[in-house]
Amino acid sequence: MNAPPSPLAAASVSGVELLLWVAFPYVCLAVFVAGHVWRYRQDQFGWTSRTTQLLEHRWLRWGSPLFHLGAFMVIAGHVVGLAVPDSWTEAVGIGEHAYHTTAVWAGSVAGVAMVAGLGMLCARRLLTRRIRLGTDRSDKLLFPLLSATVLLGITATFAHNVFGAGYDYRSTVSVWFRGLFALQPKPEAIADAPPLFQLHALTACLLFAAWPFTRLVHVWSAPIGYLTRPYLVYRRRAAPAAAPTGAGRTRPAPGSRRAA
């Protein structure tokens with residue numbers, strides 16, 4: 001368990017750090033919550049990703065699965081890394097070395113898949129004229145912001161934990177993140193983190209603020225019910241029997257053709 005910061009450390013936090021690591025995240029979270037309420041009240045039937053599969057599907061066939069699978073893995077990794085204290089993982093028998101090794105390599109694979117998928121989707125939107133013409137202002141905000149957040153995260157991982165000496169973000173960034181939701185902000189925990197991790201955190205806050213006003217809201221309407229919905233059984237209707245005629249011949253069923 002990380003020790004609480006001393007009063008001297010808390011007093012040394014500057015006004016800029018309070019603005020960046022306390023005020024700014026809370027403003028983004030407030031916009032995230034209020035924006036979803038507004039979007040639901042004003043446009044609850046517009047919670048869709050506005051698929052463009054009919055306009056182009058070759059890039060989408062590969063880009064969409066790579067992006068979504070990578071995104072799910074990245075989100076799961078962030079939930080464990082940011083929300084779960086290191087003392088909890090050690091309590092279930094996962095040591096710091098094992099966690100660090102698994103997180104780095106699994107996160108790298110997930111990040112590469114997400115970057116590759118996002119690159120295909122962005123290239124598809126830029127190179128296909130019909131899709132480019134259908135790009136609205138929210139997409140023009142979302143795609144650069146999402147790309148910056150993803151690229152900063154994977155760059156920080158590679159720079160510090162793959163090719164670098166290693167950086168334990170769970171003792172700094174994670175402490176700051178949990179402190180926000182516990183209403184006990186600890187800006188000093190992230191103030192000395194490497195710049196790449198700080199930039200990644202700031203762009204992630206901006207992404208949360210933009211979330212309710214973009215196509216990201218379709219996450220909340222994902223068809224999870226399809227996983228438990230019973231199978232639909234289709235049966236072919238039996239062909240109607242031919243009706244007999246007075247001359248002993250059979251009259252063809254309606255809709256059938258007589259052989260030439």
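FYI, the numbering just counts along the sequence from 1.
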Output a table of donor-acceptor pairs, distance under 3.5 Å, between side-chain atoms of residues 103-119 and any protein atom two or more places apart or on a different chain; print 'none' if there are none.
unit_1	atom_1	unit_2	atom_2	d
Ser108	OG	Val104	O	2.6

Would you mind writing out the side-chain donor-acceptor pairs for residues 151-159 within the sub-3.5 Å range, not counting sequence neighbours?
unit_1	atom_1	unit_2	atom_2	d
Thr155	OG1	Leu151	O	2.6
Thr157	OG1	Gly153	O	3.0

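Legend: residues meeting salt bridge (Lys or Arg N to Asp or Glu O under 4.0 Å) with Asp168, ordered by chain and number and at least two apart, are absent. Here Glu17 pairs with nothing under the salt bridge (Lys or Arg N to Asp or Glu O under 4.0 Å) rule; sequence neighbours left out.
Taking the six-membered ring for Trp and the full ring otherwise, the centers of Tyr169 and His160 sit at least 6.0 Å from each other.
Without hydrogens or angle criteria, Thr203 side chain to His200 main chain gives a donor-acceptor distance under 3.5 Å. Remark: the backbone N or O of Ser64 is paired with a side-chain donor or acceptor of His68 at under 3.5 angstrom. Checked by atom type and distance alone, the side chain of Thr214 never pairs as donor or acceptor with a backbone atom of Ser138 at under 3.5 Å.
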| field | Arg170/Thr89 under side chain to side chain contact (heavy atoms under 4.5 Å, CB included): CA gap, chis, key distance, verdict | value | CA-CA 12 Å; Arg170 292 210 294 172; Thr89 54; 3.4 Å; yes
| message | Show, in sequence, the C-alpha distance, side-chain angles and deciding distance for Leu216 and Leu207, and conclude whether the side chain to side chain contact (heavy atoms under 4.5 Å, CB included) test is met. | response | CA-CA 10 Å; Leu216 288 179; Leu207 185 62; 4.0 Å; yes
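Interatomic distance, NZ of Lys186 versus OG1 of Thr172, reported as 13.0 Å (0.5 Å rounding). Taking CG from Leu180 and CG from Leu29, the interatomic distance works out to 7.0 Å, rounded to the nearest 0.5 Å. Taking CZ of Arg61 as the reference point, atom CG of Leu66 lies at 13.0 Å (rounded to 0.5 Å). With rounding to the nearest 0.5 angstrom, the CG atom of Leu141 is 10.5 Å from the CZ atom of Phe213. Of the inter-residue distances, the one linking Leu60 atom CG with Arg124 atom CZ reads 4.5 Å to the nearest 0.5 angstrom. With values rounded to the nearest 0.5 angstrom, Ser171 atom OG is found 14.5 Å from Trp176 atom CH2.
Counting only residues at least two apart or in different chains, side-chain hydrogen bond (donor to acceptor under 3.5 Å, both in side chains) contacts with residues 21-38 comprise His36-Trp220.
Transitive grouping of hydrophobic side chains (ILVMFWY, heavy atoms separated by less than 4.5 Å) brings Leu82 and Val92 into a common cluster. Each of Val37 and Phe32 belongs to its own hydrophobic cluster when Ile, Leu, Val, Met, Phe, Trp and Tyr are linked at side-chain heavy-atom distances under 4.5 angstrom. Tracing side-chain contacts under 4.5 Å through hydrophobic residues (I, L, V, M, F, W, Y), one reaches Leu206 starting from Val173; they form part of the same cluster. Under a hydrophobic clustering in which Ile, Leu, Val, Met, Phe, Trp and Tyr are joined whenever their side-chain heavy atoms come within less than 4.5 Å, directly or via other members, Ile190 and Leu199 fall into different clusters. Note: the hydrophobic cluster containing Leu18 also contains Leu20 (ILVMFWY, side chain heavy atoms under 4.5 Å, direct or indirect links).
Hydrophobic cluster membership for Leu126: none, as no Ile, Leu, Val, Met, Phe, Trp or Tyr side chain comes under 4.5 Å of it.
Put simply, the side chain of Val217 does not reach to within 4.5 Å of the side chain of Tyr40, judged on heavy atoms. A heavy-atom distance below 4.5 Å is not found between the side chains of Phe24 and Leu19. Contact check for Leu146 versus Phe67: side-chain heavy atoms found under the 4.5 Å cut-off.
Between Cys122 and Ser147, the shortest heavy-atom contact is SG-OG, 4.1 Å. The two atoms that bring Val31 and Ala209 nearest to each other are CG1-O, 3.5 Å, heavy atoms only.
Under a cut-off of 6.0 angstrom, the local environment of CZ in Phe208 is sparse, with at most 12 non-hydrogen atoms contributed by other residues, nucleotides or ligands.
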